[in-house]
Structure formats: C-alpha cells, structure tokens
Amino acid sequence: MKNQFRLYRRPKGGFFYAHDSVTGKQDSLGTRDRAEAVTLLNARNESVRQPQLNLQIAKAYLAGTDSAVSSRTWQNALDAVIDTKSGSTRDRWRRAAKETALDLIRDRVIIETQAEHLLACLKAGTVSTNVHLRKLHNFCLSMNWLPWPIIPKRLWPEVRFRPKRAITIEEHFLIIEHEKNPERRNFYELCWHLGGSQSDIASLRAEDVDWPDQTIAYARRKTGSLAMIHFGPNLEEILRRLPATGPLFPYLSKVRAGDRATEFHQRCVGLGIKGVSLHSYRYAWAERAKQCGYPERFAQEALGHNSKAVHRAYARKAKLKLPALEVYEKRSREDRVIPMPLPNGAASLAAAATTIGERRQTATQAASA
C-alpha cells in the first residue's frame, strides 16, 4: 500500500515536514532530527492504515494513568457531576440525567465517542439537553477523561432560550388584587419587594428578619452566598402580618417549587397575563434597581449575585431615561462644594453654605458688612 504521507525537508530552517498526498497539505513535524521525523511520519501512515488499532493503542497508553478509561461511560460521568452539586442545582442535574435524548450515548464509552454521537443527542433533545450536555462534555475535559474536545467550542449549536421578562407593577397589582389566599398574597408581595428566588423567599424564617437594623439576611439555597437587603415601610407592613417565629410561610415552605410555579401560572392564565413566572419577580427587582440609579454593587449584594455578568443579564432590559448632558452638568455644578476664602468673622456663614450660589451670596454679605 502506498503511503499517504511522505517526508521532506525545507532548506530554510532545516525542519522536516509531512506532505499529505491526498489533500496536498504540508505540516511541520517540529524537529530537525531525521530519526525523530521518520518515527513521526511512520506514525501518521500507520494511523491511516489501522484506525481501530490506533484506538486500542491509545487506550493502552491512557490506561497507564487512568485504569477506567476503557470502560467509563457517559452515565458514569453524569453520576460524577451530580455528586459535585448540591441543593436545587443537584435536583436539576438529576432531572437532566433522565432525559430521553441522552439514551443515545448513556452507555457509550467516553473515549470511543465521536462528534456525530453528540450531535445526534442535541438533535433529539431540547434546550436543556444542549446546556447540560455541553457542561458534561467540559466536565470530562477538565477531569482528563477526554484527551481533546469532541466538538470544538465554536461549533456547538447555539443555545436558544425562551424569552424571559420581568413582571410589571400593573401585573403584580392585578395578581395581588385577585389572590384570595392570604399566605400566597403575602408571598407574592415579598417576592416583589425582595426580588429573591421563589425557593429562598418561601424558606424565609422570622429569625432572618433583623428588626433593629431593618434588614433581612439569608443564605441562597442555590449558591450558599449571603443575600442581605434593607427594608422600608411598605415591606415592614407586610412583615408585621407574618408569623413572629418560625417559617414566614408555613404552608408554602413545604410545597415543591414546581407546585408553587404551577399555582402562579394558573393565576396568570386566569388573568390573561402571559410570559411571566415566579422568577420574573427577580428580573423585575433588578430592572427597578437599575432604572432608579441604585448602585450596582448594592443591587448585586441584595440579590445574592456573585457575578456582575449574571446581575447585568437580569437587568439588561431596564428602560432608562437619560437626562440631557447640559442639564446633568448644570446640576453637577450646583451641587459641587467649592471652598472660597472669606473675610474675618464670616466663618460661621461659610460653614452653613453648601452650594456655589450660597457661597457667593455669603461672600457678598460679608464684604458689604
């Protein structure tokens, strides 16, 4: 059989190259030593003639550092990922591991998987399949269970989520007005004022409320990060209606998140509200904070976001009404404090002045006196 690759050496630089007689492509072998170049060239020719044998040879080499490389399946990888998660994230991975689309690769050995196998899963699955299979693939790469990416990062199909939006204040008031259950009505109002995820709000306890400091602090169930928010008179009025000890929502705290979401969805359908869920309260809080100029670091702390990118994703649809630059400059000049030297005896007047106009008026009065 004629070899597909042949060896040649370029005069300039002295490096050896492999010429592909099929494609005409020339690749550097990265060496000036003829013996090394011949070994590399023979390996390339052997790889063309014996692809299956090469896989077995590769397994034999990899088994020297990982004894399970020849038997580890994608189901084993799924189990390993689930073990590294906790809380609601772990529950999502458990549900994702049961997807029918993953049955196409579930029992396939990872090292023997080809790109067409993963693409078949993506085609048979949903957006969730794309998200979790991508993460699973990257997990295997990080654990060195894959020597290289099966599908390059840029070639993964784009993840297309359904549109998400914040709930408007009109929609919120409409839901509150028609909600007859006091506990659910208070729950929705707390979601509006705190912007927390539904599981975090439903799990709040009276001990999480610091009445002297007027703050609510709790650890997020998803990430464990601390969320702390200062409450005002409106939220205080709602909190006064809730239990003074134990869970703030005794019934809702025991209900599955899916059941709370279904109940809310039924309320929205009955009122003709479309495109919102309980998580829309979180988007609404982030957008309200951005629209009124609330500092981003404060909003991020209140919502328990560890990443600025995540927080900005929540607030990206906020509609801002920017003032004219000249108006903003004028307001800035009026509010700026500029110290001005005054005659003796006018120090008390200067201490009370704060704006430029007041300083000038004070100086004029002192000079005339």
Side-chain angles (χ1 to χ4, degrees), residues 4-5 20 22-25 27 43-164 222 257-258 261 275 277 279 309-310 313:
Q4 180 175 336
F5 297 94
D20 191 336
V22 176
T23 63
K25 186 178 179 180
D27 293 325
R44 293 200 178 195
N45 286 321
E46 287 294 329
S47 67
V48 175
R49 289 196 295 266
Q50 306 177 61
Q52 292 299 324
L53 178 60
N54 289 326
L55 179 59
Q56 298 303 322
I57 294 175
K59 286 183 180 180
Y61 278 110
L62 291 173
T65 56
D66 184 3
S67 59
V69 69
S70 59
S71 60
R72 185 181 293 110
T73 64
W74 289 99
Q75 182 60 51
N76 299 138
L78 282 168
D79 296 337
V81 171
I82 293 173
D83 289 340
T84 64
K85 306 301 179 182
S86 61
S88 59
T89 304
R90 186 170 190 171
D91 295 335
R92 281 195 296 272
W93 269 101
R94 282 174 174 168
R95 292 193 297 268
K98 299 177 182 179
E99 291 186 11
T100 306
L102 295 180
D103 292 343
L104 299 175
I105 63 168
R106 192 179 304 277
D107 298 324
R108 184 176 294 276
V109 177
I110 295 176
I111 198 66
E112 297 177 1
T113 307
Q114 301 295 326
E116 54 265 25
H117 299 143
L118 298 187
L119 292 176
C121 285
L122 295 174
K123 185 176 181 180
T126 61
V127 174
S128 175
T129 309
N130 192 336
V131 172
H132 289 94
L133 186 56
R134 186 192 301 252
K135 293 180 180 178
L136 181 64
H137 173 266
N138 293 336
F139 177 80
C140 292
L141 282 172
S142 301
M143 297 294 291
N144 291 324
W145 295 344
L146 277 173
W148 51 75
I150 298 176
I151 300 179
K153 183 178 180 180
R154 294 183 299 175
L155 298 182
W156 277 87
E158 182 181 357
V159 179
R160 299 182 182 274
F161 293 103
R162 288 186 300 175
K164 299 177 182 178
K222 180 179 180 180
S277 64
H279 206 67
V310 172

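Count residues from 1 along the sequence.
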Student: Mind checking the OG-CD1 spacing from Ser70 to Ile110? Nearest 0.5 Å is all I need.
Tutor: 11.5 Å

Student: Ignoring hydrogens and angles, tell me if any N or O in the side chain of Arg106 forms a donor-acceptor pair with the backbone of Thr73 under 3.5 Å.
Tutor: no

Student: For a quick test of reading the model, state the closest non-hydrogen atom pair linking Asn76 to Ser71 and the distance between them.
Tutor: OD1-O, 3.9 Å

Student: As an exercise, state the distance from OG1 of Thr129 to CD of Glu99, rounded to the nearest 0.5 Å.
Tutor: 3.5 Å

Student: What distance separates Lys153 NZ from Arg134 CZ, expressed to the nearest 0.5 Å?
Tutor: 9.0 Å

Student: Taking the side chain as every heavy atom from C-beta outward, state whether Leu78 and Trp93 have any atom pair closer than 4.5 Å.
Tutor: yes

Student: Examine Arg72 relative to Trp145 and say whether NZ or CZ is less than 6.0 Å from the centre of the six-membered ring and inside a 45° cone about the ring axis.
Tutor: yes

Student: If you apply the rule side chain to side chain contact (heavy atoms under 4.5 Å, CB included), what do you find for His117 with Leu104, and how did you get there?
Tutor: CA-CA 7 Å; His117 299 143; Leu104 299 175; over 6 Å; no

Student: Does the side chain of Leu133 come within less than 4.5 Å of Cys121's, by heavy atoms?
Tutor: yes

Student: Between Arg44 and Asp20, is there a side-chain N and carboxylate O pair less than 4.0 Å apart?
Tutor: no

Student: Measuring from atom NE2 of His137 to atom OG of Ser142, what distance do you get when rounded to the nearest 0.5 angstrom?
Tutor: 10.0 Å

Student: Working note: Leu102 + His132, criterion side chain to side chain contact (heavy atoms under 4.5 Å, CB included); need CA distance, chi angles, decisive distance, verdict.
Tutor: CA-CA 10 Å; Leu102 295 180; His132 289 94; over 6 Å; no

Student: Distance from Ile150 atom CD1 to Glu116 atom CD, nearest 0.5 Å?
Tutor: 10.0 Å

Student: Minimum heavy-atom separation for Asp83 to Arg90, with atom names?
Tutor: OD1-NH2, 3.7 Å

Student: Locate the shortest heavy-atom distance separating Phe139 from Ala80; write the atom from each residue and the value.
Tutor: CE2-CB, 4.0 Å

Student: Could you give the distance from OG1 (Thr84) to CE (Met143), rounded to the nearest 0.5 Å?
Tutor: 9.0 Å

Student: With a 4.5 Å limit on heavy-atom distance, are the side chains of Val81 and Lys85 in contact?
Tutor: yes

Student: Contact between Trp74 and Asp79 at the side-chain level, heavy atoms closer than 4.5 Å - yes or no?
Tutor: no

Student: Could you tell me whether the side chain of Trp156 and the main chain of Ile151 form a donor-acceptor pair under 3.5 Å?
Tutor: yes

Student: Give me the atom names and distance for the closest heavy-atom approach of Pro157 to Asn130.
Tutor: O-ND2, 3.1 Å

Student: Search all heavy atoms of Val127 against all heavy atoms of Arg160 and return the closest pair with its distance.
Tutor: CG2-O, 3.2 Å

Student: Side-chain contact test, heavy atoms from C-beta onward, threshold under 4.5 Å: evaluate it for Pro147 versus Ile111 and give yes or no.
Tutor: yes

Student: Closest heavy-atom contact between Pro149 and Leu141?
Tutor: N-CD2, 3.6 Å

